[in-house]
Amino acid sequence: MFYIIGLGLCDEKDITIRGLEAVKSSSRVYLEAYTSILMVQKERLEAFYGKDLILADRDMVETESDEILRDADTQNVSLLVVGDPFGATTHTDMILRARALKIPTRIIHNASIMNAIGACGLALYNFGQSVSLVFFTETWKPSSFYDRIKENTDLGLHTLVLLDIKVKEQSDENLARGRKIYEPPRYMSIPQAVLQLLETEDNRNSGTLSADKTLAIGMSRVGGGEEHQRIVCGTLAELASHPSDVFGEPLHSLVIVGKRLHPLEVEFTEGFAISRNTWRQVAKSIYGCALD
Ligand SMILES: *[C@@H]1O[C@H](CO)[C@@H](O)[C@H](O)[C@H]1NC(C)=O
Ligand SMILES: *[C@@H]1O[C@H](CO)[C@@H](O)[C@H](O)[C@H]1NC(C)=O
C-alpha cells in the first residue's frame with residue numbers, strides 16, 4: 001500500500017490516528033518538504049512517530065516517484081504531506097504513477113470537506129465560492145446559490161455544493177402542537193440536487209448550467225476510505241437520471257466543474273465517469289480541454 005497522509009498545518013499531533021497507524025506500519029516514510037512550511041522540526045516528528053523520515057524535496061517527488069514507490073506493492077510506504085494530500089497537483093501525478101504500477105494507494109485526510117474534496121481530482125486552487133443547497137418545497141425555493149455558481153463559472157472556477165441535511169425535523173402538525181416528535185433524518189441525494197439546480201436554471205435562464213454541457217462530480221463519504229467513499233461523475237443529465245443508491249451513503253457533496261480543467265484532471269476523473277466517452281467529449285468540445 002502506498003499511503004499519502006495529510007499532517008495538518010500545525011504540529012506533529014495533527015496527524016490522525018489512522019495516519020499514525022499507517023506511518024507505524026510503513027517500511028519507508030517520506031516527508032514532503034516543499035508544498036508548505038511545517039512549523040515543527042523533522043526531528044520532533046521522528047520522535048513522535050518513532051520512525052526515521054526521508055526528506056523528499058520537490059525534485060525527488062517529481063522525478064524520483066518510482067524510487068518513492070519502490071516495493072510499495074509488497075510493503076507499506078508512506079508519504080507525509082503538510083496540510084492535506086491534495087493541496088498540490090503533484091500528488092495526482094503520484095497516484096496515477098502508482099496506479100500504472102498496480103500499487104494500491106490510500107489517502108489519509110486531515111478531515112475537512114473543504115480540503116478533502118480534492119479527492120475528486122480537481123485542483124483545490126481552482127475552486128471558487130462554496131455553496132449550500134437546501135431542500136426546495138412547493139413554496140420555498142431560495143436560489144441565491146445560483147448567483148455564486150454563476151460568478152464561479154464565469155471565472156472558470158469549480159463550485160463545491162454542500163447538500164442539505166434535515167435532522168431533528170418536526171412535521172407542521174407536531175410543531176403546532178408542540179410535540180417533540182421528530183421525522184427520520186433526510187439527506188439530499190445527488191440526483192435531487194441536480195434536479196434542483198436544473199430547475200433553478202430554468203427559472204433564471206442565464207445559461208450558467210446545462211443538462212448536457214455542464215460536467216459535475218457527485219461524492220459521498222469523502223475521506224471515508226475505499227470501502228465507503230464514492231465518486232461518480234458525468235453531465236448533469238447523466239447524474240440526474242442515475243439511481244440514487246449508485247452514489248453511496250450520505251453525506252453527499254457535488255462539484256460543478258468549471259472551465260479551468262487540465263488534461264491530467266480529465267484523465268484522473270474519467271475513471272469515475274458514468275460514460276468515459278461523454279466525459280472526455282464534453283471536456284474537449286465544450287470545456288476546450290486539450291485532450292488527444
Ligand atoms: C487537522 O486536524 C486537527 C485536529 O482536528 C486540526 O487542528 C487541524 O487544523 C487540521 N488541519 C487541517 C489542514 O485540516
Ligand atoms: C500495511 O497496510 C495494510 C492496510 O492498512 C495492513 O493491513 C498491513 O498490516 C500493513 N502491513 C504491515 C507490514 O504492517
Side-chain angles (χ1 to χ4, degrees), residues 1-33 35-36 38 40 42-57 60-62 64-121 124 219-232 247-253 268-269 271-272:
M1 183 78 78
F2 176 60
Y3 288 98
I4 304 184
I5 303 168
L7 287 184
L9 297 171
C10 184
D11 64 17
E12 76 276 19
K13 291 185 181 170
D14 269 1
I15 195 169
T16 58
I17 290 169
R18 199 183 294 284
L20 188 57
E21 283 171 359
V23 168
K24 288 190 186 292
S25 81
S26 291
S27 47
R28 296 195 314 284
V29 182
Y30 293 90
L31 173 63
E32 188 190 57
T35 42
S36 182
L38 199 59
V40 290
K42 171 171 166 274
E43 288 69 27
R44 208 168 126 192
L45 293 174
E46 290 180 326
F48 187 76
Y49 302 148
K51 285 273 178 184
D52 287 337
L53 301 180
I54 306 162
L55 274 184
D57 59 15
M60 184 172 185
V61 173
E62 279 174 6
E64 295 174 49
S65 56
D66 282 7
E67 166 56 23
I68 293 175
L69 292 168
R70 178 173 51 83
D71 298 333
D73 53 344
T74 53
Q75 303 168 10
N76 293 338
V77 174
S78 292
L79 174 65
L80 304 177
V81 179
V82 177
D84 185 79
F86 290 101
T89 49
T90 41
H91 304 120
T92 310
D93 240 325
M94 275 298 267
I95 296 165
L96 283 172
R97 187 77 200 118
R99 210 186 269 174
L101 295 169
K102 304 221 178 327
I103 293 168
T105 56
R106 178 143 195 189
I107 309 301
I108 300 179
H109 293 288
N110 191 238
S112 155
I113 187 68
M114 302 300 268
N115 54 31
I117 197 71
C120 73
L124 284 174
M219 304 184 68
S220 78
R221 302 258 162 127
V222 179
E226 295 294 315
E227 59 277 35
H228 300 296
Q229 178 172 299
R230 294 264 180 93
I231 305 176
V232 180
F247 296 97
E249 298 292 307
L251 303 171
H252 294 107
S253 21
F268 189 87
T269 46
F272 311 123

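Note that the structure is predicted; figures quoted are calculated from it, not measured. Both ligands and their constituent atoms are indexed starting at 1 by order of listing.
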To check your reading of the model: name the closest protein heavy atom to atom 11 (N) of ligand 2, its residue, and the distance in Å.
N76 ND2, 2.9 Å
Any idea which protein heavy atom is nearest atom 14 (O) of ligand 2, and the distance to it?
S25 CB, 3.2 Å
For Y3, take its heavy atoms, then give the atoms of ligand 2 lying under 4.0 Å from any of them.
2 (O), 3 (C), 4 (C), 5 (O)
Atom pair [atom1] ([X]) and [atom2] ([Y]), whose distance is rounded to the nearest 0.5 Å:
{"X": "F268", "Y": "D93", "atom1": "CZ", "atom2": "CG", "result": "10.5 Å"}
{"X": "D71", "Y": "F2", "atom1": "CG", "atom2": "CZ", "result": "13.0 Å"}
{"X": "I4", "Y": "L79", "atom1": "CD1", "atom2": "CG", "result": "5.5 Å"}

Please tell me if atom 9 (O) of ligand 2 is touched by the protein, where touching means a protein heavy-atom distance below 4.0 Å.
no
Is any side-chain heavy atom of Y3 less than 4.5 Å from a side-chain heavy atom of R18?
no
